[in-house]
Amino acid sequence: MAEEKYTAKSIKVLEGLEHVRKRPSMYIGSTNERGLHHLVFEVVDNSIDEAMAGFCNSITVIIHKDNSVTVIDNGRGIPTDIHPTLGISGVEVALTKLNAGGKFDNKVYHVSGGLHGVGVSVVNALSKRLTVKVIRDYTIYQQEFERGKPLYPLKRVGKSETIKSGTEITFLPDEEIFETVEIKESIIKPKLRELAYLNAGLRIKFVNEKTGLNEEYYTENGIVEFVKDIHKDQQVLPPEPIYIKSVKENFFLEVALQYNSGFTTDIRSFVNNIRTIDGGTHETGFKNALSRVLNTQAHQLKLIRDNQNLTADDIKEGLTAVINLRIVNPQFEGQTKTRLGNANVKIEVYNAVKEELTKYFDKHIDDLKNIIKKAIVAQNARLAARKARELVRRKNSLDFSGRLPGKLADCSTNNPAEAELYIVEGESAGGSAKQGRDRKFQAILPLRGKILNVERANIHNTLSNQEIKNLITSLGCGINEDFNPEKLRYSKVIIMTDADVDGAHIRTLLLTFFFRFMRGLIEGGYLYIAQPPLYRIKSGKKVWYAFSDDELKRIIDQIGEGSKIEVQRYKGLGEMDPQQLWETTMDPSRRVILRVTIREAEEADRLFNLLMGDKVAPRRKFIEEHANEVMNLDI
Ligand code: 0RA
């Protein structure tokens with residue numbers, strides 16, 4: 001009679017699974033490749049649930065040659081006892097009843113909603129064959145199914161020597177249902193990797209019997225390692241990702257974040273291990289909290305003015321964050337169900353992040369200051385870009401193109417291919433250059449260095465600076481997205497500054513300007529740095545110029561002992577008369593000019609960011625490094 005009862009119950013159950021076979025897309029989204037792989041993730045998710053509840057630390061996924069897949073875990077094992085009202089084993093309930101309830105709801109973080117969490121019964125319904133093995137208290141049980149129908153009730157098949165408990169499910173996707181049944185390593189692997197990051201301490205083994213792949217994914221520090229791996233080979237701030245965690249009843253949140261020197265934002269959020277590509281309330285809560293904490297602290301530390309605020313954009317620049325949230329009953333929204341909708345989550349995440357981040361920054365004040373400074377740099381750059389756009393717009397509407405600045409001593413040729421522009425530091429050097437040049441092809445634009453230098457740290461002021469405006473109009477090629485090398489009025493743009501600290505500062509500012517607003521000028525190889533000599537050596541009627549201390553030594557040695565030698569050290573271009581300037585620095589047949597190159601835009605960008613900060617040491621380091629980056633030309 002027990003047999004009768006069992007059959008009667010299972011008919012009702014099978015009705016449910018028949019519906020899954022008739023309308024598979026209702027349960028797994030589609031019957032294409034994507035739907036197929038959902039089967040694998042569905043089974044894996046059940047094992048992950050067990051891991052999240054703290055009962056499992058190892059999961060193995062095997063792709064077999066016949067496209068069947070095995071998922072093994074060392075959790076508690078699906079209950080094997082007979083269900084009090086259904087009269088069948090817990091295993092059979094799990095495998096044949098849709099959204100098995102009751103005992104199954106006592107899991108701490110049950111994944112539900114979206115395409116996941118439909119239950120292993122859906123996988124069973126859509127499999128040609130499925131075998132489940134459960135070990136509980138060293139006893140091994142087994143049951144087999146065909147297209148969701150049990151071939152026999154759960155039976156005891158033996159004893160395990162070593163394994164106390166666990167679950168093993170092997171299923172073969174039904175080719176009657178799916179357009180393709182080929183399980184792809186390339187789809188499974190990244191997801192398993194990700195799961196290892198999201199579940200610190202969980203060992204995930206992946207075997208593909210088709211390709212011979214045999215790997216294990218494991219992270220001791222979970223999402224901290226996730227962020228570190230995303231940031232591999234990048235300049236980061238702070239050196240170690242910030243990690244915060246908040247665990248309450250039915251609420252688990254951990255966040256790892258770190259900045260890099262780039263501009264893009266990479267926030268990867270997950271709810272119950274499911275990636276929420278379109279974000280949602282948890283992401284909003286996090287961003288709002290980060291913004292609030294940084295603004296509050298920036299005001300308190302007086303790093304920004306009372307009426308100034310760091311915007312979301314400023315704070316997001318270069319940010320990488322992983323948000324790992326586990327809650328009961330997540331509501332997934334949107335076409336692809338990839339956005340979290342639970343309204344209360346926003347404030348819960350906001351409060352948790354605000355509290356934990358504040359605690360973190362209380363202990364790591366330097367990290368806090370550096371992050372705020374980085375956001376301020378981002379803000380300045382944004383303001384500068386806006387000013388640049390406005391400047392271009394204004395320029396276009398007033399048509400500046402015909403009106404060259406009064407300070408520019410232009411050359412007579414109209415052919416950009418032979419024309420050169422010397423940007424010269426200081427009015428007096430500008431005067432010498434104007435007199436010494438070959439006016440046919442050499443134009444001189446003197447810049448008032450002092451003014452530039454004062455505003456060095458504030459790049460967004462650069463574009464309102466009259467000297468820079470003159471420079472933009474002289475070059476004629478426009479800036480930012482309007483940059484057009486065809487409109488460039490010169491084929492060589494040569495920066496000529498003094499060989500002292502001020503000169504280096506001004507050169508740095510100009511390079512920053514060109515990098516930010518006329519990158520094409522550097523990339524196109526139009527930008528050069530002049531090399532004025534450091535020494536003038538005179539002996540009798542003969543004159544030498546030395547461009548380095550080594551060269552000076554060599555010349556003195558060459559002149560030999562006994563001769564009367566006069567050495568003049570040039571402190572500035574202004575000390576040279578026009579003839580000397582021509583001979584040493586401007587005459588194309590004798591001068592040395594160095595072409596500025598950007599080998600790696602990213603790296604240069606980082607340096608420029610450093611240069612705009614208020615630290616002198618990295619700026620000096622850049623200038624030294626940059627000297628090696630330029631190459632010899634025109635000797
Ligand atoms: C329900 C209750 C319990 C465990 C599980 C389900 C379970 C399901 C799956 C599916 C794959 N692996 C699994 N591992 C466990 C708890 C049983 C108990 O209280 O001992």
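Each ligand, and each atom within it, is numbered from 1 in the order the structure gives. A quick note: this is a predicted structure, and the numbers were derived from the prediction, not measured.
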By salt bridge (Lys or Arg N to Asp or Glu O under 4.0 Å) - contacts of E215 (at least two apart):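 Residues passing salt bridge (Lys or Arg N to Asp or Glu O under 4.0 Å) with E215: K189.
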Side chains of E356 and S246, donor plus acceptor under 3.5 Å: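 Judged by distance alone, the side chains do not pair up.
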Plane angle bin for H19 and Y27 - parallel if under 30°, tilted between 30 and 60°, otherwise perpendicular: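 Ring orientation, 0 to 90° scale: perpendicular.
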Subset of ligand 1 atoms that lie under 4.0 Å from at least one heavy atom of R136: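 Contacts of ligand 1 toward R136, numbered from 1: 17 (C), 18 (C), 20 (O).
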Enumerated ligand 1 atoms positioned under 4.0 Å from heavy atoms of T167: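 Result: 11 (C), 12 (N), 13 (C), 14 (N).
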Structural part of D73 in contact with ligand 1, heavy atom criterion under 4.0 angstrom: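 The part of D73 near ligand 1 is the side chain, not the backbone.
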Within-cut-off N or O pair, N46 and ligand 1, under 3.5 Å: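 No; the residue has no nitrogen or oxygen that sits under 3.5 Å from a nitrogen or oxygen of the ligand.
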Residue pairs passing the ring-ring contact (aromatic ring centres under 6.0 Å, His included) test where at least one lies in residues 168-192, sequence neighbours excluded: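 Passing the test, one end in residues 168-192: no pairs.
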Proximity winner for atom 16 (C) of ligand 1, if only heavy atoms of R76, E50, E168 are counted: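 Among R76, E50, E168, the closest heavy atom to atom 16 (C) of ligand 1 belongs to R76.
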Heavy atoms of other groups near K354 NZ, more than 12 under 6.0 Å: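 Count not over threshold, so no.
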